[in-house]
Amino acid sequence: MKFGKEFTSQMVPEWEEAYMQYNHLKTILKEILIFRRLRQNQTSPPYQSPQRVILSERHSLYTAFSGLTNRVGNYNEENNSDTEEVILVSEIQHQEQCMHYQTMFFQSWEEGAENEIVFFKRLDDEFNKAICFYKRQVDEVVKEAEELNKQMDALFALKVRINDLNFHTSSTPPNSGLSPLDEIQDTSERNQTKMVSLDILNHIKINVTPESGLSPPWRTIFDGTKSELSFSKRELRTAQAKLKQAFVEFHRKLRLLKSYCFLNQLAISKIMKKYDKVTSRNASKAYLEMVKSSYLSQSDEVVKLMERVESAFITHFANAIEV
């Protein structure tokens, strides 16, 4: 399967517009290739008569040695062209608080360079779009992790209240002050009887209404402003089942984000290598170095969250004892 079809098949349907338009970039490269072939045909050497060819071959007998010297010169020129600076990519601060990038094409004076200028302009637009979308999604999952921490605090409080009737409310607030990235994992290590506050149970209820597909399921497990809990083991089992599913769905979203990040970087690598092949330039190295240093490549929040979600799931749900 060609990469373009594979790329499309692995897109998240809801995020389709946020992916790089790889096929459109390929179309621009085809236009560049067509122009170069037409220009090559127009500048092909004129027809030579047999008499002219014989004279040319005879002349080459006397210039063979100097031709050897010329070939060395041409070889050096080719090496220089490999290292010739074709593009310059600059960082530009954008109003969305995500870094944007802009490419300057140094060969704009060449005939037919307009298509290459259009290519890099569209490539920058697509890459900047991917960066901003990914950053917004990362910010969103970090907030969702914080909300998931609060739901876990409520679950711990309910579990302690049901299983230990002699438990005295701790004055320690349920939120330990850790960041969402650390909190999820830390819940598997902290002493629940010291950290959990039962005060939270005075302000919540378990929501039995089916969750909307538009919002994360863990936001509706414990809600309300007035306690409607009976502190039964049935309630606890219901809450545990809902939060277990919430962890599964949250981990799935993190996996999709990780895949989104990888696919877009791979698409850039593929399209830049095609550009080098079509134009006989060496621009991919500079562009891919920029991609490697960008937020899309350097951000590790999603990977860290995945590891901590997996650790918390194993501790609290996979190995949990039925209550």
Side-chain angles (χ1 to χ4, degrees), residues 3 7 11-12 15-29 31-32 80-110 112-143 145 179-181 254 256-306:
F3 175 74
F7 182 61
M11 289 180 178
V12 179
W15 299 346
E16 185 175 351
E17 295 300 320
Y19 286 86
M20 291 188 59
Q21 298 300 308
Y22 177 82
N23 289 329
H24 182 75
L25 290 168
K26 273 185 64 178
T27 300
I28 300 176
L29 287 184
E31 293 174 359
I32 295 173
N80 290 335
S81 67
D82 286 343
T83 58
E84 183 181 7
E85 198 170 18
V86 179
I87 59 172
L88 176 66
V89 188
S90 305
E91 295 181 350
I92 301 175
Q93 187 66 42
H94 194 260
Q95 60 183 5
E96 294 186 24
Q97 301 303 316
C98 59
M99 192 63 69
H100 273 203
Y101 297 88
Q102 187 175 65
T103 302
M104 180 183 294
F105 180 58
F106 289 141
Q107 311 299 321
S108 57
W109 51 269
E110 291 185 2
E114 295 83 2
N115 283 335
E116 294 183 61
I117 295 173
V118 170
F119 171 80
F120 281 111
K121 175 66 169 62
R122 186 58 186 263
L123 180 62
D124 289 342
D125 290 345
E126 294 298 321
F127 181 60
N128 292 332
K129 176 185 69 176
I131 290 179
C132 287
F133 175 82
Y134 184 69
K135 190 175 188 306
R136 287 195 301 270
Q137 291 298 314
V138 170
D139 292 343
E140 183 177 313
V141 294
V142 169
K143 291 178 182 178
S179 69
L181 295 179
L254 293 174
L256 292 176
L257 263 180
K258 184 179 178 181
S259 173
Y260 172 88
C261 180
F262 171 77
L263 283 175
N264 280 282
Q265 291 183 77
L266 184 58
I268 296 172
S269 176
K270 293 281 188 182
I271 203 67
M272 281 306 302
K273 288 178 181 178
K274 284 183 178 294
Y275 171 83
D276 281 357
K277 184 177 180 180
V278 167
T279 62
S280 300
R281 303 191 192 279
N282 188 23
S284 61
K285 182 179 180 182
Y287 205 92
L288 294 179
E289 284 179 354
M290 176 275 294
V291 173
K292 187 176 180 180
S293 65
S294 70
Y295 181 82
L296 199 64
S297 178
Q298 293 296 316
S299 172
D300 61 353
E301 289 96 335
V302 171
V303 174
K304 286 182 177 179
L305 266 177
M306 287 183 68

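As a basis for the values below, the full set of heavy atoms in this structure was taken, side chains included, without hydrogen atoms, waters or symmetry mates.
- Checked against salt bridge (charged side-chain N to carboxylate O under 4.0 Å, His left out), Lys274 has no partners two or more places apart in sequence or in another chain.
- By the salt bridge (charged side-chain N to carboxylate O under 4.0 Å, His left out) test, Asp139 pairs with Lys135, sequence neighbours left out.
- For the side chain to side chain donor-acceptor pair (under 3.5 Å) test, residues two or more places apart in sequence or in another chain that qualify with Asp276 are Ser284.
- The aromatic rings of Trp15 and Tyr260 lie perpendicular to each other, with more than 60° between the two planes, well past the 30° mark.
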Check the pair Gln137 / Phe133 against side chain to side chain contact (heavy atoms under 4.5 Å, CB included), numbers first and verdict last. CA-CA 6 Å; Gln137 291 298 314; Phe133 175 82; 3.6 Å; yes
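- With contacts defined as side-chain heavy-atom distances shorter than 4.5 Å, the pair Ser294/Ile131 qualifies.
- Of all heavy-atom pairs between Ile28 and Asn115, the closest is CG2-O, 3.7 Å.
- With a 6.0 Å radius and a threshold of 12 heavy atoms from other residues, nucleotides or ligands, Gln298 has its CD atom above the threshold.
- Annotation for Glu110: atom CD counts as buried by contact number, over 12 foreign heavy atoms lying within 6.0 Å.
- Across Leu29 and Val278, no two heavy atoms sit closer than the pair O-CG1, 4.0 Å.
- Listed by chain and residue number, Phe7, Tyr22, Leu266, Ala267, Lys270 satisfy the side chain to side chain contact (heavy atoms under 4.5 Å, CB included) test with Phe3 (two or more places apart in sequence, or in another chain).
- Shown here are the side chain to side chain contact (heavy atoms under 4.5 Å, CB included) partners of Ser269, two or more places apart in sequence or in another chain: Lys273, Leu288.
- Taking a 6.0 Å sphere around CZ of Phe106, one finds it holds more than 12 heavy atoms contributed by other residues, nucleotides or ligands.
- The distance from the CD atom of Gln107 to the CZ atom of Arg281 is 5.0 Å, given to the nearest 0.5 Å.
- Interatomic distance, Leu254 CG to Ser259 OG, rounded to the nearest 0.5 Å: 12.5 Å.
- Evaluation of the salt bridge (charged side-chain N to carboxylate O under 4.0 Å, His left out) test over residues 120-131, restricted to residues two or more places apart or in two chains, returns Lys121-Asp125, Arg122-Glu126, Glu126-Lys129.
- Residue Ser297 holds its OG atom at 11.0 Å from CE of Met290, rounded to the nearest 0.5 Å.
- Lys277 pairs by the salt bridge (charged side-chain N to carboxylate O under 4.0 Å, His left out) definition with nothing, not counting sequence neighbours.
- With values rounded to the nearest 0.5 angstrom, Gln21 atom CD is found 10.5 Å from Thr27 atom OG1.
- Looking at residues two or more places apart in sequence or on another chain, you find no side chain to side chain donor-acceptor pair (under 3.5 Å) involving Glu91.
- With values rounded to the nearest 0.5 angstrom, Ile268 atom CD1 is found 4.5 Å from Phe127 atom CZ.
- Between the CE atom of Met99 and the SG atom of Cys132 there is a distance of 10.5 Å, given to the nearest 0.5 Å.
- Counting only distance, with no hydrogens or angles, the side chain of Asn128 and the backbone of Tyr101 share a donor-acceptor pair below 3.5 Å.
- Shortest non-hydrogen contact noted between Met11 and Glu16 is SD-CG, 3.9 Å.
- Annotation for Val138 and Leu257: closest pair N-CD1, 4.4 Å, computed over non-hydrogen atoms.
- For Leu123, the side chain to side chain contact (heavy atoms under 4.5 Å, CB included) partners at least two apart in sequence or on another chain are Met20, Leu25, Phe119, Phe120, Ile271, Met272, Tyr287.
- The heavy-atom pair separating Gln265 from Leu296 by the smallest distance is NE2-O, 3.4 Å.
- The two residues Ser108 and Ala113 come nearest to each other via the heavy atoms O-CB, 3.6 Å.
- With sequence neighbours excluded, the residues forming a side chain to side chain contact (heavy atoms under 4.5 Å, CB included) with Ser299 are Tyr134, Tyr295, Glu301, listed by chain and number.
- Under the salt bridge (charged side-chain N to carboxylate O under 4.0 Å, His left out) criterion, Glu31 pairs with no residue at all, not counting sequence neighbours.
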